Amino acid sequence: MTAEADPTAATVVLPVGVRDLSPRDLPACTWSGSATHLRHVERELARAARGEVDYLAVCTPADLPVAIGGVDYRVSEGAGTLWQLAVLPALRSCGLGTLLVRAAEQRIRGRGLRRAELAVEEDNPRARALYERLGYVAYGRAPDAWDEEGPDGSIRRHETMCVLMRRDL
């Protein structure tokens, strides 16, 4: 049923903007991961303050983050490496991921670099399809791992295989 056929349905359009993520945003980012994940993001914000990374937020007019992600300038010589990209699940497929990636690419170009890189889990075809639509090309594979927090608060190591992708800017 379309919005035109259903009088209770509506399409809402809201402007969004991109800015640096700040520690005060973290309580509004619980949708992006566990408390363990948010502590990691908080540590990355300290690196952002030192200029080692950029950590961005796509925000609503109420200044609430609905997409977040970072660019690390120390992973690969001559490139910015996008990582920890996340979009509020209810707002996926609305263009926020594209906006976040493009804003990250602008930051990379702003540092005089001409290549963006990222790693996407092999079992995440939806994200990989987005990156391919944005011009990223696979060039290899690599294992990755990080700590995850379970619902009971226990910490376990998540191990995965990632596709390495890059795009010339």
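Just so it is clear, the structure is predicted and the values come from calculations on it, not from any experiment.
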Any ion pair linking Glu117 and Arg115 (charged N to carboxylate O, less than 4.0 Å)?
yes
Does any N or O in the side chain of Arg128 come within less than 3.5 Å of the main-chain N or O of Glu122, such that one atom is a donor and the other an acceptor?
no
Taking only residues two or more places apart in sequence, or in another chain, which ones meet Trp31 in a ring-ring contact (aromatic ring centres under 6.0 Å, His included)?
none
Parallel, tilted or perpendicular, as decided by the 30° and 60° cut-offs, for the rings of His158 and Trp146:
tilted
For a side-chain contact (heavy atoms from CB on, under 4.5 Å) check, start with the C-alpha distance between Ile108 and Leu82, then their side-chain angles and the critical distance, and finish with the verdict.
CA-CA 10 Å; Ile108 293 167; Leu82 284 64; 3.6 Å; yes
Interatomic distance, Leu130 atom CG to Asn124 atom CG [nearest 0.5 angstrom]:
9.5 Å
Nearest heavy-atom neighbours spanning Trp83 and Asp72:
CZ3-N, 3.7 Å
Kindly indicate, with the supporting measurements, whether the criterion side-chain contact (heavy atoms from CB on, under 4.5 Å) is fulfilled by Asp63 and Arg19.
CA-CA 10 Å; Asp63 206 30; Arg19 63 168 173 77; 2.9 Å; yes
Distance in Å, Glu121 CD paired with Asp144 CG, rounded so as to fall on 0.5 Å steps:
8.0 Å
Steps toward side-chain contact (heavy atoms from CB on, under 4.5 Å) verdict (Tyr55, Gln84):
CA-CA 9 Å; Tyr55 215 105; Gln84 293 187 346; 2.7 Å; yes
Do Arg126 and Ser93 pass the side-chain hydrogen bond (donor to acceptor under 3.5 Å, both in side chains) test, and can you show the C-alpha distance, the side-chain angles, and the key distance before you say yes or no?
CA-CA 10 Å; Arg126 185 176 178 164; Ser93 297; 2.5 Å; yes
When every non-hydrogen atom of Ala116 is compared with those of Glu105, the smallest separation belongs to CB-CG, 4.5 Å
When every non-hydrogen atom of Gly69 is compared with those of Leu85, the smallest separation belongs to CA-CD2, 3.7 Å
Do Val75 and Val53 share a hydrophobic cluster, counting only Ile, Leu, Val, Met, Phe, Trp and Tyr and linking them when any side-chain heavy atoms are less than 4.5 Å apart?
no
Are more than 12 heavy atoms from other residues, nucleotides or ligands located less than 6.0 Å from atom CZ of Arg74?
no
Please report the shortest heavy-atom distance between Pro23 and Pro27, naming the atom on each side.
O-CD, 3.9 Å
Within-4.5 Å side-chain heavy-atom neighbours: Leu113 and Tyr73
yes
What's the spacing between Glu44 CD and Leu38 CG if we round to 0.5 Å?
12.5 Å
Any idea which heavy atoms bring Pro61 and Leu14 closest together, and the distance?
CD-CB, 4.3 Å
Ion pair present between Arg39 and Asp147, side-chain N to carboxylate O less than 4.0 angstrom?
no
Just by distance, do the side chain of Arg109 and the backbone of Leu169 share a donor-acceptor pair under 3.5 Å?
no
CG (Leu21) and CG (Asp54) are apart, to the nearest 0.5 Å, by 11.5 Å
Which one of Val18, Val16, Leu88 satisfies the side chain to side chain contact (heavy atoms under 4.5 Å, CB included) criterion with Leu96?
Val16
What I'd like to find out is whether the side chain of Ile68 reaches to under 4.5 Å of the side chain of Leu56, using heavy atoms alone.
no
CD (Glu149) and CZ (Arg156) are apart, to the nearest 0.5 Å, by 11.5 Å
Joint cluster assignment, Val101 & Leu164, ILVMFWY side-chain distance < 4.5 Å
no
Between OH on residue Tyr139 and CE on residue Met165, distance to nearest 0.5 Å
10.5 Å
Considering all heavy atoms of both residues, which atom of Thr8 and which atom of Asp6 are nearest to each other, and what is their separation?
OG1-OD1, 2.7 Å
